[in-house]
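Heavy-atom basis, side chains included; hydrogens, waters and symmetry copies ignored. Quick caveat: nothing in here was measured; it's all calculated off a predicted structure. Naming convention: chains lettered A, B, ... in sequence-line order (proteins, then strands); numbering from 1 in each chain.
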Amino acid sequence: MTTRDDTAAATVADTGGADRSSRLHHRFEAIWGTPPGIARLSAVNHTSIGIRFIVTGFVFFVLGGLLSMLMRVQLALPENDVLDEGIYRQFFTMHGTTMMFLFAVPILEGFAVYLIPKMIGTRDLVFPRLSAFGYWCYLFGGIFLYSSFFFGSAPDGGWFMYVPLTDAQFSPGPNTDFWLIGVTFAEVSAVAAAIELIVAILKTRAPGMSLDRMPLFAWYILITSFMIIFAFPALILGSILLEIERAFGFVFFDAGRGGHPLLWQHLFWIFGHPEVYIIFLPAAGMLSMIIPTFARRPIAGYTWIVLSVIAIGFLSFGLWVHHMFTVGIPQLALSFFAAASMAIAIPTGIQIFAWIATLWNGRPVVTIPLLFVLGVFFIFVLGGLTGVMLALVPFNWQVHDTHFVVAHLHYVLIGGMVFPLFAGLYYWLPLFSGRRYSESLGRAPFWLMFIGFNVTFLPMHLTGLLGMPRRVHTYAEGLGWDWLNLVSTIGSFLLAAGIALVLLDVILHFLFGKRAHRNPWNAGTLEWAIEAPVPTYNFISIPRVQGRDPLWSQAELVNKMNRGELFLGNPDSDQRELLGTNTVTGEPESVIRISKSTWIPLLTALPLALFFFGLLARVYVLTAIGGALVVVAALVWLWTTGHRQAPDIVDAGCGVSLPIQYASPQAPGWWAVCFTIMADAVLYSSLLFAYFFLWTVSDAWPPADHSPGSLAFPLIGIVVLLASSAVVVWAARCGREGASVRFRYGQLVALVLGFAFLVLQTLMLLDFDMRPQQHAYASLVYTIVGFHLVHIVIAMLMAGFVFFRSWFGYITVSRQLETRVSSIFWHYSVFQWLLGFGVIYLFPAML
Amino acid sequence: MTLSDYRLDGWRGVISGFVIWAAYFVVIYAYLSVGCEKGLSDAELLGVNTVTLGLVAITMAALGSIGALGWVGFASWRAAARGNSEDEKTTAGTRNRFTGLLMMMTSGLALLSTILVGFPVLLLHPCQ
Ligand code: HEM
Ligand SMILES: [Cu+2]
């Protein structure tokens with residue numbers, strides 16, 4: 001283990017090296033730096049984007065917090081009239097929505113975006129434009145939601161927006177539309193960031209960082225990101241369906257015409273329960289990094305922790321129905337979900353034991369981050385206990401929809417997420433600022449928060465048991481709830497004061513904090529090998545790691561790294577370069593060149609906002625214009641990726657030459673497409689789930705006297721589609737063999753076939769004897785067909801794109817990435833319709 | 001080749017136990033919902049309700065395959081751990097030990113979760 005003095009001594013002895021490293025610093029800074037002034041907005045670098053997410057997340061935290069303070073003021077006294085019922089409804093809805101969608105998920109992703117590349121030893125995320133785009137989506141989504149206040153019509157259906165409360169009849173105003181559109185926007189951002197983080201973790205770890213040496217935070221983020229890919233599409237689909245129902249009169253949730261309100265609950269909670277763990281896991285990942293540093297020993301039970309992260313990732317999907325205990329599902333089905341709720345306690349417990357064991361066997365120093373960690377133990381364990389109580393079915397009936405639930409939820413969310421987040425904030429602060437916070441100043445806000453929190457939420461357990469329902473704006477005197485509510489409100493002011501002090505402390509430390517040097521905590525992981533505050537390129541050269549805590553075991557690492565002696569230490573290419581490595585072993589495979597600063601992400605997100613705005617205002621011309629502009633922007637975006645002139649093989653330093661990503665079978669773009677398809681497949685499966693769910697609850701499906709229409713058009717359509725797939729396979733083979741003319745002909749033929757299919761599907765729908773407004777069955781048929789047609793259109797755009805790319809020489813025998821991407825998407829789209837056809841035509845015939 | 005010679009590389013082995021659990025969970029829930037809604041539970045075979053019978057069969061299949069995976073993980077782990085001491089120091093040696101052990105552990109927990117979920121099938125009437 002190196003102490004700080006060793007490194008300092010080594011640096012002094014080595015002034016020649018220092019010269020060299022400062023020269024390299026300036027050259028890399030020129031490549032990676034962000035332009036000044038307004039052009040900062042064009043930055044795409046992960047450090048900038050991460051900070052944007054984090055700062056914006058805190059702004060929303062403050063907004064959501066203000067809403068909750070106002071609610072607490074209203075509830076302080078019985079029969080109070082600060083907020084009337086309608087406003088109270090808007091406030092709790094916006095508070096919950098803000099906290100869950102605009103604060104918790106984005107800020108944790110922001111930390112991941114900022115930290116992950118530094119921890120795994122790379123210079124940036126692999127798709128910088130996508131991260132920038134994700135940020136804009138998030139920001140615009142948040143602005144959408146909050147702009148509803150200016151129209152006096154903020155969403156008011158509760159954060160889970162149950163239908164029928166939110167359908168066109170009960171909620172005719174735009175309140176619900178604001179929610180559906182704003183939240184979907186923010187979720188698109190979350191999915192984009194998730195895909196990006198997965199690819200970064202799997203493909204760009206430092207050499208030698210095999211799976212068993214990954215920092216635990218990376219494991220947590222990896223699993224969380226997969227959970228996002230599997231969970232968020234369910235709600236995105238639910239939101240799309242509800243929006244189509246509201247805007248165009250389709251039927252999905254309206255029981256009168258074959259729909260069912262329970263469908264919304266299913267889609268929401270398939271998302272919603274994993275969501276709780278999506279919030280909790282990254283926060284737990286922070287704890288798993290902080291605890292070993294302050295216990296001054298490696299984490300105990302690394303493998304056990306990885307086990308529990310994986311287990312939680314899966315098990316959390318098996319809980320969704322436990323929010324619907326009272327809606328008349330068979331006992332046995334309920335017991336499956338209750339069992340999963342019990343099972344998930346095991347991995348959660350394992351983690352906590354590993355943390356405690358680490359502290360127990362270490363020599364802990366109680367710094368402010370560790371203080372917050374101890375706070376977590378206390379709060380989260382209590383929240384877990386009440387969670388087990390809620391999982392007991394009879395008890396759940398008792399306190400369902402009371403303040404007991406509100407208390408439980410805040411114990412879990414604030415204990416499981418806000419406290420770890422603040423621990424992480426203090427812990428990584430030196431990287432952001434190059435300064436140290438003051439240990440003595442930081443204690444007061446912690447204690448204020450801790451005490452304030454408990455004083456706020458402990459009494460809510462009691463009011464809940466005494467029967468005080470949640471989501472009521474006031475209550476009568478003399479039910480025994482009065483003083484408890486008053487105490488709770490006083491507590492919430494303490495809590496808010498604590499949070500305000502933390503934010504103040506952080507802001508002040510940027511101005512007055514003592515200078516921090518590299519690795520002020522003497523931690524073991526790679527992010528601390530970087531000088532503080534971090535330079536834009538992170539690492540002058542990329543080290544090979546030989547263990548889980550390289551800074552503890554590899555003495556010369558930092559010096560060699562800074563002299564540019566390791567991987568990619570040569571800035572001569574004038575490009576932003578990353579090292580692509582093997583998923584399992586972490587051995588170098590390719591050199592990845594990525595984008596510099598550009599306006600394209602913003603210019604793509606703006607028309608997307610226009611598209612959504614058109615939907616909201618029901619001015620569909622704007623939607624159409626926005627949509628068209630998005631397509632144009634996306635094409636420009638894609639066209640400007642990839643360097644035609646880049647050599648196929650690049651010198652990666654350390655005597656290794658590697659293929660550039662376009663020529664590598666392991667290109668990150670390929671992985672990203674696979675994960676995008678995965679997310680899309682979940683979206684599609686949710687749609688098919690809707691079909692089958694409504695089938696199980698309906699009497700007649702398809703409704704009496706109706707059928708999907710004649711088989712003629714769809715059968716010809718299937719043949720056409722299969723033929724197109726064959727053509728795409730053939731064209732790709734020609735491309736690989738260098739017959740680029742035939743390759744391009746192939747794309748043209750595929751385009752023609754795709755177009756023919758579009759026509760055939762239109763004929764098929766015309767032949768169908770129901771309108772989607774009549775019955776849920778027809779709505780689903782139309783939606784399944786329409787959903788698929790969108791895919792065919794995208795696949796056709798991609799085929800046209802590779803046609804031109806081949807024409808202009810971007811696609812060559814050795815550079816097959818774009819062909820592979822467009823082909824797999826094509827086949828996926830074809831496959832999607834095979835399923836759709838089966839569901840629409842074969843399934844009813846089987847009944 | 002026997003089961004203990006079989007290897008699943010790196011990350012695949014590590015998640016398969018729970019992938020099976022997830023598939024199992026979806027299948028029994030779907031089967032139960034459809035079975036009850038569409039009246040399968042009215043039929044009986046050997047005096048047992050057909051829905052229950054199906055659920056038991058699915059559970060056994062899940063248990064069997066997760067168990068097999070756990071065994072494979074155990075064998076890989078042992079093989080990597082037994083490897084000669086040279087091998088032990090290499091990156092590949094420690095890595096394989098890690099993935100083997102993790103595969104065994106994830107399968108174990110998946111097995112336990114399957115038992116927890118499947119057990120009530122024996123106790124409760126499926127559709128009430
Ligand atoms: C800053 C301190 C906080 C206070 C004082 C607070 C207070 C409240 C109150 C009074 C309610 C409404 C209870 C009702 O009448 O039903 C509520 C609901 C809720 N809060 Fe908080 N909260 C805080 C922080 C958070 C955080 C950090 C999160 C999530 C990360 C969160 C998530 C929620 C959710 C999801 C709801 C349910 C909204 C609904 O019923 O639709 N809260 N909170
Ligand atoms: Cu839940």
For A:A231, enumerate each residue passing the side chain to side chain contact (heavy atoms under 4.5 Å, CB included) test, keeping only those at least two apart in sequence or located in another chain. A:P274, A:I278, A:F317

Parallel under 30°, tilted from 30 to 60°, perpendicular over 60°: which one fits the rings of A:F337 and B:Y29? perpendicular

Atom pairs and distances, side-chain donor-acceptor, residues 52-62 of chain B, under 3.5 Å, sequence neighbours left out:
| residue | atom | partner | partner atom | Å |
| --- | --- | --- | --- | --- |
| B:T59 | OG1 | B:Y24 | OH | 3.0 |
| B:T59 | OG1 | B:L55 | O | 2.7 |

Got a second to check how far B:M105's CE is from A:T303's OG1, nearest 0.5 Å? 5.5 Å

SG on B:C36 to CG on A:L332, rounded to 0.5 Å: 8.0 Å

Of the non-hydrogen atoms in A:A340 and B:W21, which two are nearest, and what is the gap between them? CB-CZ2, 4.5 Å

Let's go through B:F25 and A:F314 carefully: what are the C-alpha distance in whole Å and the side-chain angles of both, what is the deciding distance for side-chain contact (heavy atoms from CB on, under 4.5 Å) to 0.1 Å, and is it a yes or a no? CA-CA 11 Å; B:F25 195 82; A:F314 281 91; over 6 Å; no

Pick whichever of B:L109, B:I15, B:T106 has the most heavy-atom pairs under 4.5 Å with chain A. B:L109

Output the distance between atom CE (B:M103) and atom CG (A:L307), rounded to the nearest 0.5 Å. 13.5 Å

What part of A:L211 gets closer than 4.5 Å to chain B, counting heavy atoms only: side chain, backbone, both or neither? both

Would A:T585 and B:R95 count as a side-chain contact (heavy atoms from CB on, under 4.5 Å) if you check the C-alpha gap in whole Å, the side-chain angles of each, and the deciding distance to 0.1 Å? CA-CA 8 Å; A:T585 63; B:R95 193 183 63 237; 3.3 Å; yes

Residue A:L202 versus chain B: region with a heavy atom under 4.5 Å: neither

Within residues 198-212 of chain A or reaching into it, pairs that qualify as side chain to side chain donor-acceptor pair (under 3.5 Å) - sequence neighbours excluded: A:K203-A:T583, A:K203-A:E589, A:K203-A:Q666, A:S210-A:D212

What residues of residues 116-124 of chain B sit under 4.5 Å from chain A when only non-hydrogen atoms are counted? B:L116, B:V117, B:P120, B:V121, B:L124

Looking at A:W304, I'd like to know if its CH2 atom is crowded, meaning that more than 12 non-hydrogen atoms belonging to other residues, nucleotides or ligands lie closer than 6.0 Å. no

Tell me whether A:F692 at atom CZ has more than 12 heavy atoms from other residues, nucleotides or ligands lying less than 6.0 Å away. yes

For residues A:V306 and B:V14, determine if any side-chain heavy atom of one lies less than 4.5 Å from a side-chain heavy atom of the other. no

